[in-house]
There are 2 protein chains.
Amino acid sequence: MGDEKIHWRSGCPISSALDVVGDRWTILIIRDLIIYGTRTYSEFLDSPEKISTNILADRLSLLTSLKLIERTQPEAAARNNAFRLTKSGAALRPVLLGLGKWSHTHLKPFHADIVKIH
Amino acid sequence: MGDEKIHWRSGCPISSALDVVGDRWTILIIRDLIIYGTRTYSEFLDSPEKISTNILADRLSLLTSLKLIERTQPEAAARNNAFRLTKSGAALRPVLLGLGKWSHTHLKPFHADIVKIH
DNA sequence: CCGCATCCGTTACGATACTG
DNA sequence: CAGTATCGTAACGGATGCGG
């Protein structure tokens, strides 16, 4: 359920960051939290990229175990619950903004439909 | 071989950036170019994370077609060749530095062996 | 209903062997 | 040395089931 141990490929900090967020979906979940204020499981499912339920559950579990996100009411039932960023997760904001800016500047020739955030 | 079309999941710039560099290896190749001055195929293979030959060839081909990197001597034979960043690829530097900094600050509790770059 | 877990076909990865 | 071919394995992705 997502909390299987991470395989750290090296001691390089960039490599280690990718061992955590270096897949197609994890950063999108963090984007939803940082930029769009997404909070619940079904709100994440509504994002335009259409993550599937098992992947979402797996990543939420992993991000929780690494303390990038946490549940707003740890004691409450799942249906009443929501997620929010921790300081650690929120600290990824400049990275995401940098990615978005780079994308908008350098990927336009290959993907004309890229829009600006906000 | 790597230049198959990219599937753009949405118009979101962050999502689009991940459609290009959102896997475990692509950013490491760019890291090698930006931070360690790696230039040749065999030098990439020597990185501590040990990318395999087919993945490396595939990613180099993809990054070339998207003009994040280019060959230093396009006309020369493969064995005499090397890669370098284009402006577009080099523009990812702040993103990589941000990732490294985040990692060093927030991943230490889970991976004590993280070292600093340089 | 909502938040997952499970099943299962398909795709991507990763190690190794091999070729020009 | 710079790749390509092959093939076993792991991850993904969609459908569905199920408990609270």
Side-chain angles (χ1 to χ4, degrees), chain A residues 1-10 15 18-29 32-33 38-66 69-84, chain B residues 1-10 15 18-29 32-33 38-66 69-84:
Chain A
M1 306 98 160
D3 22 41
E4 311 91 26
K5 268 230 156 317
I6 288 184
H7 170 233
W8 305 101
R9 289 173 291 176
S10 78
S15 166
L18 296 175
D19 291 337
V20 175
V21 300
D23 70 282
R24 287 184 140 40
W25 294 109
T26 303
I27 295 221
L28 287 186
I29 293 174
D32 286 347
L33 286 159
T38 304
R39 301 179 323 112
T40 70
Y41 191 89
S42 49
E43 285 170 1
F44 287 113
L45 290 180
D46 285 341
S47 287
E49 294 85 12
K50 294 298 163 205
I51 191 171
S52 60
T53 60
N54 52 350
I55 308 282
L56 176 58
D58 183 78
R59 293 302 186 281
L60 288 174
S61 157
L62 181 67
L63 290 174
T64 302
S65 73
L66 291 172
I69 64 178
E70 61 192 4
R71 297 194 181 256
T72 55
Q73 300 167 31
E75 307 305 322
R79 57 177 302 114
N80 300 320
N81 240 311
F83 296 90
R84 68 174 159 225
Chain B
M1 304 104 166
D3 23 40
E4 312 91 26
K5 269 235 155 318
I6 288 183
H7 170 233
W8 305 101
R9 289 173 292 177
S10 78
S15 166
L18 296 175
D19 291 337
V20 175
V21 301
D23 70 282
R24 286 183 139 41
W25 293 109
T26 303
I27 295 221
L28 288 186
I29 293 173
D32 286 347
L33 285 158
T38 305
R39 301 180 321 113
T40 69
Y41 191 91
S42 49
E43 285 171 0
F44 287 114
L45 290 180
D46 285 341
S47 287
E49 294 84 11
K50 295 297 162 205
I51 191 172
S52 60
T53 60
N54 51 352
I55 308 283
L56 176 59
D58 183 79
R59 295 301 186 280
L60 288 174
S61 156
L62 180 67
L63 290 174
T64 302
S65 75
L66 291 172
I69 63 177
E70 61 192 3
R71 297 192 182 258
T72 54
Q73 300 166 32
E75 307 305 321
R79 58 180 302 118
N80 300 319
N81 240 310
F83 296 90
R84 69 174 160 225

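We name chains A, B, ... by the order of the sequence lines, and we start the count at 1 in each one.
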Q) About how many Å separate CZ of B:Arg39 and CG of B:Leu33, when rounded to the nearest 0.5 Å? A) 10.0 Å
(Q) Whether the side chain of B:Arg84 engages the backbone of B:Glu70 through a donor-acceptor N/O pair (distance < 3.5 Å, no angle test) should be reported. (A) no
**Q.** Length of the line joining A:Leu18:CG and D:dA11:C1', which is rounded to integer Å
**A.** 17 Å
Q. Is B:Thr40 near enough to D:dC1 that one of its side-chain N or O atoms lies under 4.0 angstrom from OP1 or OP2?
A. no
Q.
Rounded to whole Å, please give me the gap between CG in A:Leu45 and P in D:dT16.
A. 16 Å
Q | Spacing between B:Arg39 atom CZ and D:dC1 atom C1', to the nearest angstrom | A | 14 Å
Q.
Could you tell me how far apart A:Leu62 (CG) and D:dC12 (P) are, to the nearest whole angstrom?
A. 11 Å
Q) Could you give the CD1-to-P distance, from B:Ile29 to D:dA2, as a whole number of Å? A) 14 Å
Q) When you look at B:Thr53 and B:Phe44, which way does the side chain to side chain contact (heavy atoms under 4.5 Å, CB included) test go after all the steps? A) CA-CA 9 Å; B:Thr53 60; B:Phe44 287 114; over 6 Å; no
(Q) For a side chain to side chain contact (heavy atoms under 4.5 Å, CB included) check, start with the C-alpha distance between A:Arg59 and A:Thr26, then their side-chain angles and the critical distance, and finish with the verdict. (A) CA-CA 6 Å; A:Arg59 293 302 186 281; A:Thr26 303; 3.3 Å; yes
Q: If a protein heavy atom is under 4.0 Å from the base, mark B; if only from the sugar-phosphate, S; if neither, -; do that for nucleotides 7-20 of chain C going 5' to 3'.
A: B-----SBBBB---
(Q) Rounding to an integer number of Å, can you tell me how far A:Glu49 CD sits from D:dG13 P? (A) 12 Å
(Q) If I take atom CG in residue B:Asp46 and atom C1' in nucleotide D:dA2, what distance separates them, rounded to the nearest angstrom? (A) 13 Å
Q. Can you tell if the side chain of B:Thr64 reaches within under 4.5 Å of the side chain of B:Ser61, non-hydrogen atoms only?
A. no
(Q) How many whole angstroms separate atom OH of A:Tyr41 from atom P of C:dC1? (A) 17 Å
(Q) I need the minimum non-hydrogen distance between B:Val21 and B:Ile27, along with the two atoms involved. (A) O-CG1, 3.5 Å
